[in-house]
Number of protein chains: 4
Amino acid sequence: MTSYDHPTPTHGGPPGGTGRALRADARRNRARILQTAEAVFAAKGSAASTEEIAHKAGVGHGTVFRHFPTKEALLQAILEALADRLAEETRALVETGDPATAFFQFFTRMVEQSAEKKTVVDLLADAGIDVTAAKPIHALRQAIEELLANAQRAGTVREDVRVPEAMALIIGVCQASLHTSWGPDLQARTLAVVFDGLRPRHSR
Amino acid sequence: MTSYDHPTPTHGGPPGGTGRALRADARRNRARILQTAEAVFAAKGSAASTEEIAHKAGVGHGTVFRHFPTKEALLQAILEALADRLAEETRALVETGDPATAFFQFFTRMVEQSAEKKTVVDLLADAGIDVTAAKPIHALRQAIEELLANAQRAGTVREDVRVPEAMALIIGVCQASLHTSWGPDLQARTLAVVFDGLRPRHSR
Amino acid sequence: MTSYDHPTPTHGGPPGGTGRALRADARRNRARILQTAEAVFAAKGSAASTEEIAHKAGVGHGTVFRHFPTKEALLQAILEALADRLAEETRALVETGDPATAFFQFFTRMVEQSAEKKTVVDLLADAGIDVTAAKPIHALRQAIEELLANAQRAGTVREDVRVPEAMALIIGVCQASLHTSWGPDLQARTLAVVFDGLRPRHSR
Amino acid sequence: MTSYDHPTPTHGGPPGGTGRALRADARRNRARILQTAEAVFAAKGSAASTEEIAHKAGVGHGTVFRHFPTKEALLQAILEALADRLAEETRALVETGDPATAFFQFFTRMVEQSAEKKTVVDLLADAGIDVTAAKPIHALRQAIEELLANAQRAGTVREDVRVPEAMALIIGVCQASLHTSWGPDLQARTLAVVFDGLRPRHSR
DNA sequence: AATGAATGAGTTTTCATTCAT
DNA sequence: CATGAATGAAAACTCATTCAT
């Protein structure tokens, strides 16, 4: 959520000092647009109109374009904001979690959040962007790499599993969660299979 | 391919004896439209225009709407046709394959075909249709159920795995194959993890 | 005016024969759109909206885009239609006029029509198209070349005058006619100066 | 340049003695906006946005509208400024030039400057303003009248040529210089014809 | 039955103008 | 006074859908 508070990058200066709060409302608008857009795109896919987003955000639709010059830019911004949030969360898990279980916690958490993440994956699909290529994804990827390596060092994930398939499995299960009648039971059972496949043989 | 030849079920009876010749044309048109639409939607996503489909199918724009009253109906019809094809294929595997390996063969085959299936899943996502709700999916689902049951009877899949998570895993890996740089290696390693998770513990 | 009657170039066949008059109204619409657009652009410049043109032509604005995929295409079509008309007129003058005076008649006629030609010149200016490069202008240019050569052979225009300056003078006087309070007197006196400059010295 | 320094005539008196410093800023801003706008409009036509002008002038967007209540007003102001400049230049020629050739020099100079003047003429055309009606044109017109009269008195221009056609010819050749491939040769030959038409018969 | 012309609601984007800070 | 954020009218263009031929 805090990542929505960033002002436009052209205004790097801190708001403190002489109290130049000239664009407090602009910042607020930007944040509201991002928030609204994420929700709307999540609900209706990237085909949702900017007009609807503007309306639901309570601003004129010109204001959306003032903050994000194209629809594509808005999509990218959402992507980055979400990636930032996830990377932050993941990094916290890297630093404070139990290495043996943190990767599995993370995996589960991602799937739980999948309604939100649908946006990301959809946008990635629509934009034709390769997950591995998108810049803001990089931090997230690195955090995942660490979680995986830690789990392997702790002996809870097989040594021969590499990052690409780990990400593929995460993405896959998250996506699957969108296309079936997906209750907590089903989620648990699906993850159980995958987690079992990830564990070393001798550990069972 | 044969599944394209079904006329719309709403036109069950011919209006007269002499009407047959025209009916053949219409049937051919319907088949060509479906075929073309599947290819076009696969290539361009569901945002592709009906006009383009009509053009590539070599029919007038209006003809598409004569056969499918809305674009949505066309999407549904493609879905049904594809589900029919897959069900047929799967059924053949049920009847002629080795029970111990048929389920895994089927799973692999689905992922290999995922480029084609992308269409379906994308369309499902866009249309907000739940896979489990679509009627023609039922036959496919039944065939999968049999494959799974056979494998469990043959001891190559854990007894506690149920159909929903099996389908979720299939869908998930298929979807994952569309994002990330997905080569044969990655596909093999990802399936290895999932298959491993599906096998009974004592079999390893 | 007859140049408006051309059907879309994709339908080369003659309307006769079996009387397949399927698109009589399409042809009519195309002609009306062109006619209306020429008038509107002449009155308001090329900044006039396609919506206004559609409205004044009595068609939906989508129809304008069906016939001319972009506004630019519409401008070009007007240009070509006008060039066609002028070339035809000029050619007639080449064939039936008095070589000694035809060039001057043509020059005068162009200036008289300048209200109409404003469209052309404006469009040329707006589109950044070089007069000499536009294809449909070529026929017109050739006719002008002949008029000039004939006049020079008849001794009413100096031998050292070349086509480029002749065209420059025509364009210039036509344009000037748009920017001043331009009555018949002023037109006559301005042309008198230019015509005098064009005549050989010994002829006066 | 000096003509840019005039404040808007509607603000005749200063509100107080201490207000002078601010006024100087405002004057400078006004001048910079006019200068920038002339350049931008010259380069991009009157479709250029006020935002771009504000940016290039280094002022806020709102400042442009503080000085010129509408875009139209800005166009008018540019026109006046340019007319002032040209009138000044022309007046200098009246006072210091050779009466026999000054008019022709002036004519040539106008055509040479036509790239700059394109702005004006274009704006006039776009705005539908008649040259003869614009007030600041009057001074320029008077100067031209004198140049013409002097040339006629010196015997280098025919007695029967009046100011309107002289201006029409100037405007026409300037405009023509914007269309067609216009090199120094073509300019020279075109002016040669016009100048020849302007000279008395016995002088050749 | 097939065609494709017509339609107009909807989409993205731009920009002059207003107004709060 | 200066600023730039907000606004919404308007523009070009698309496309599913309808309908006359």
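Lettering of chains follows the sequences in order, A, B, ..., and the numbering in each one begins at 1.
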Without hydrogens or angle criteria, can the side chains of C:His61 and C:Thr50 be said to hold a donor-acceptor pair below 3.5 Å?
-> no
Yes or no on side-chain contact (heavy atoms from CB on, under 4.5 Å) for D:Arg32 and D:Val59, after CA distance, side-chain angles and deciding distance?
-> CA-CA 9 Å; D:Arg32 293 188 57 185; D:Val59 302; 5.7 Å; no
Any side-chain heavy atom of C:Leu34 sitting closer than 4.5 Å to one from C:Leu74?
-> yes
Within the structure, does a side-chain N or O atom of D:Asn29 lie under 4.0 Å from either OP1 or OP2 of F:dC1?
-> no
Which part of the nucleic acid does A:Ala73 contact within heavy-atom distance under 4.0 Å: base, sugar-phosphate only, or nothing?
-> nothing
Ignoring backbone atoms, establish whether B:Thr50 has a side-chain N or O less than 4.0 Å from OP1 or OP2 of F:dC15.
-> no
Determine: side-chain N/O of A:His67 to OP1/OP2 of F:dA6, distance under 4.0 Å, yes or no.
-> yes
5′-ward residue of the pair A:Glu51/B:Gly62 relative to DNA chain E = B:Gly62
Decide, yes or no, whether a salt bridge links C:Asp25 with C:Arg28 under the criterion of side-chain N to carboxylate O below 4.0 Å.
-> no
Looking only at heavy atoms, which two atoms of D:Ile33 and D:Ala57 are closest? And how far apart?
-> CA-CB, 4.2 Å
Would you sketch DNA chain E in dot-bracket for me? Only Watson-Crick or G-U wobble pairs with both distances under 3.5 Å count, crossing pairs as [ ], other-strand pairs as |, the rest as dots.
-> .||||||||||||||||||||
Contact list for DNA chain E against residues 52-61 of chain A - heavy-atom distance below 4.0 Å | A:His61
Determine: side-chain N/O of A:Arg66 to OP1/OP2 of F:dA5, distance under 4.0 Å, yes or no.
-> yes
C:Arg32 CZ - E:dA5 C1' separation (whole Å) = 15 Å
Does A:Thr63 have a side-chain nitrogen or oxygen under 4.0 Å from the phosphate oxygens OP1 or OP2 of F:dA5?
-> no
Side chain of A:Lys71 - closest among F:dA16, E:dT13, F:dC13 | E:dT13
